[in-house]
Amino acid sequence: MTTSPAMILYYDEVSPPVRGVLLAIAALGVKDRIKLEYIDLFKGGHLSSGYLKINPLHTVPVLRHGELTLTDSHAILVYLCDAFAPPGHTLALSDALTRAKVFNMLCFNNGCLFQRDAEVMRKIFSGAITDPTQHLKPIEAAIDALEQFLQRSRYTAHDQLSVADFAIVATLSTVAIFVPLLADRWPRVCEWFAVMEALPYYNGQNRVGLDMLRKHLAGKVKL
């Protein structure tokens, strides 16, 4: 009897996209089915010749499963749902409408919220800026949009928890290091964020890496 190849996740939990994937793995209860390979971003592990053969984009996370290599966290999230969420599971992409709604909000995170966060982070870690306060308006505008999305449904994609929530909360908790989440401006965002923070696996899979990132940022900018 042949066995299916193991899944391998290359990760560093300081990365918001990694933390989104770790949240999904915890929610699906499949941590024991995925081998974790640590790539130390702050020591240049993502730039090593061995890792560049796996992912020429030199980013994390990467998921390898047999001949499949996924280098985008949002693609990984969808694949994990398809691989591990049975019919009836909260995270199952059970029909075309559900898949489209979840995919739409994954694209919002990938193309808008995370990109705006990443731009500020790149400037900080390159030394281009030491005070991010003058660079936050695009991020605030993205949170304005998220507020509108959350006026329409209980969670970001629809009325059930989805992997889009994991991707977005990992990013939003990161930008909240610089952008206080104000309840008077973003009431639904704050309400949803509190629900996400109360998840039993939130601290272990998101807050730990977030605190590690905060320590690195403290050496670059005033927090």
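Throughout, residue positions are numbered sequentially from 1 according to the sequence presented. Quick note: numbers below take in every heavy atom, side chains included, and nothing from hydrogens, waters or symmetry partners.
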- Message: Check for me, please, whether Y38 and I25 land in the same ILVMFWY cluster - side-chain distances under 4.5 Å, paths through other members count.
- Response: yes
- Does the side chain of L28 reach to within under 4.5 Å of the side chain of H89, using non-hydrogen atoms? yes
- Check the hydrophobic clustering (I, L, V, M, F, W, Y; side-chain heavy atoms under 4.5 Å; chains of links allowed) and say if L70 and L57 are grouped together. no
- Going through the checks in order, is the side chain to side chain contact (heavy atoms under 4.5 Å, CB included) test met by L91 and F84? CA-CA 9 Å; L91 300 183; F84 295 122; over 6 Å; no
- Is the number of heavy atoms from other residues, nucleotides or ligands within 6.0 Å of CD (Q151) greater than 12? yes
- Message: Would the distance check show the side chain of R116 and the main-chain N or O of P138 forming a donor-acceptor pair, the cut-off being under 3.5 Å?
- Response: yes
- Item | Side chain proximity check, T130 to K220, heavy atoms < 4.5 angstrom | no
- Pair N109, T171: side-chain N/O donor-acceptor within cut-off below 3.5 Å: yes
- Task: Could you check if a side-chain atom of V60 sits within less than 4.5 angstrom of a side-chain atom of L9, using non-hydrogen atoms only?
- Result: no
- Task: Decide if the gap between the ring center of F125 and the ring center of F42 is smaller than 6.0 angstrom.
- Result: yes
- Looking at side-chain heavy atoms only, is the closest gap between Y79 and L63 below 4.5 Å? yes
- Query: Is a donor on one side and an acceptor on the other found under 3.5 Å between the side chain of S126 and the backbone of K123?
  - Reply: yes
- Item | Atom NE2 of H58 with >12 non-hydrogen neighbours under 6.0 angstrom | no
- Message: Do M196 and L161 make a side-chain contact, defined as non-hydrogen atoms from C-beta onward lying under 4.5 Å apart?
- Response: yes
- Item | Main-chain N/O of R154 paired to R188 side chain as donor or acceptor, under 3.5 Å | yes
- Note on the structure: The reported gap from OG in S173 to CG in L210 (rounded to nearest 0.5 angstrom) is 4.5 Å
- Hey, are the side chains of L146 and F108 touching, using non-hydrogen atoms and a 4.5 Å cut-off? yes
- Message: Whether the side chain of D165 engages the backbone of S162 through a donor-acceptor N/O pair (distance < 3.5 Å, no angle test) should be reported.
- Response: yes
- Task: Is it possible for you to say whether V208 and L41 belong to one hydrophobic cluster, with membership spreading through side-chain heavy-atom contacts below 4.5 Å?
- Result: yes
- Query: Any salt bridge between D117 and R122, counting N to O under 4.0 Å?
  - Reply: no
Could you pull out all donor-acceptor pairs under 3.5 Å where a side-chain atom in residues 13-22 meets a protein atom, sequence neighbours excluded?
residue	atom	partner	partner atom	Å
S15	OG	V18	N	3.3
R19	NE	E13	O	2.9
R19	NH1	A170	O	3.3
R19	NH1	T174	OG1	3.3
R19	NH1	N206	OD1	3.0
R19	NH2	V14	O	3.2
R19	NH2	T174	OG1	2.9

- Task: Could you please spell out the steps behind the side chain to side chain contact (heavy atoms under 4.5 Å, CB included) verdict for L80 and M7?
- Result: CA-CA 10 Å; L80 290 174; M7 288 189 185; 4.2 Å; yes
- R64/E37 ion pair, N-O < 4.0 Å: no
- Query: For the atom pair CG (N110) and CG (L106), what is the distance rounded to the nearest 0.5 Å?
  - Reply: 8.5 Å
- Ignoring hydrogens and geometry, is there a side-chain-to-backbone donor-acceptor pair from S48 to G45 under 3.5 Å? yes
- Message: Let's go through Y202 and F166 carefully: what are the C-alpha distance in whole Å and the side-chain angles of both, what is the deciding distance for ring-ring contact (aromatic ring centres under 6.0 Å, His included) to 0.1 Å, and is it a yes or a no?
- Response: CA-CA 9 Å; Y202 177 88; F166 298 145; 9.7 Å; no
- Item | Residues which pass salt bridge (Lys or Arg N to Asp or Glu O under 4.0 Å) with D144, listed by chain and number, not counting sequence neighbours | R185
- Output yes when a side-chain donor or acceptor of Y51 lies under 3.5 Å from a complementary backbone atom of T59, and no otherwise. yes
- Counting distance only, does the side-chain N/O of N203 pair as donor-acceptor with the main-chain N or O of R207 below 3.5 Å? no
- Task: For the residue pair H74 and F114, establish whether any side-chain heavy-atom pair is separated by less than 4.5 Å.
- Result: no
- Message: Is there a path of hydrophobic side-chain contacts, each under 4.5 Å between heavy atoms of I/L/V/M/F/W/Y residues, joining I129 to V221?
- Response: yes
- Message: Any heavy-atom pair between the side chains of Y10 and N55 that's under 4.5 Å?
- Response: no
- Item | Cluster link I168 to F103, ILVMFWY, side chain under 4.5 Å | no
- Between V62 and T69, what is the shortest heavy-atom contact and its length? CG1-CG2, 3.8 Å
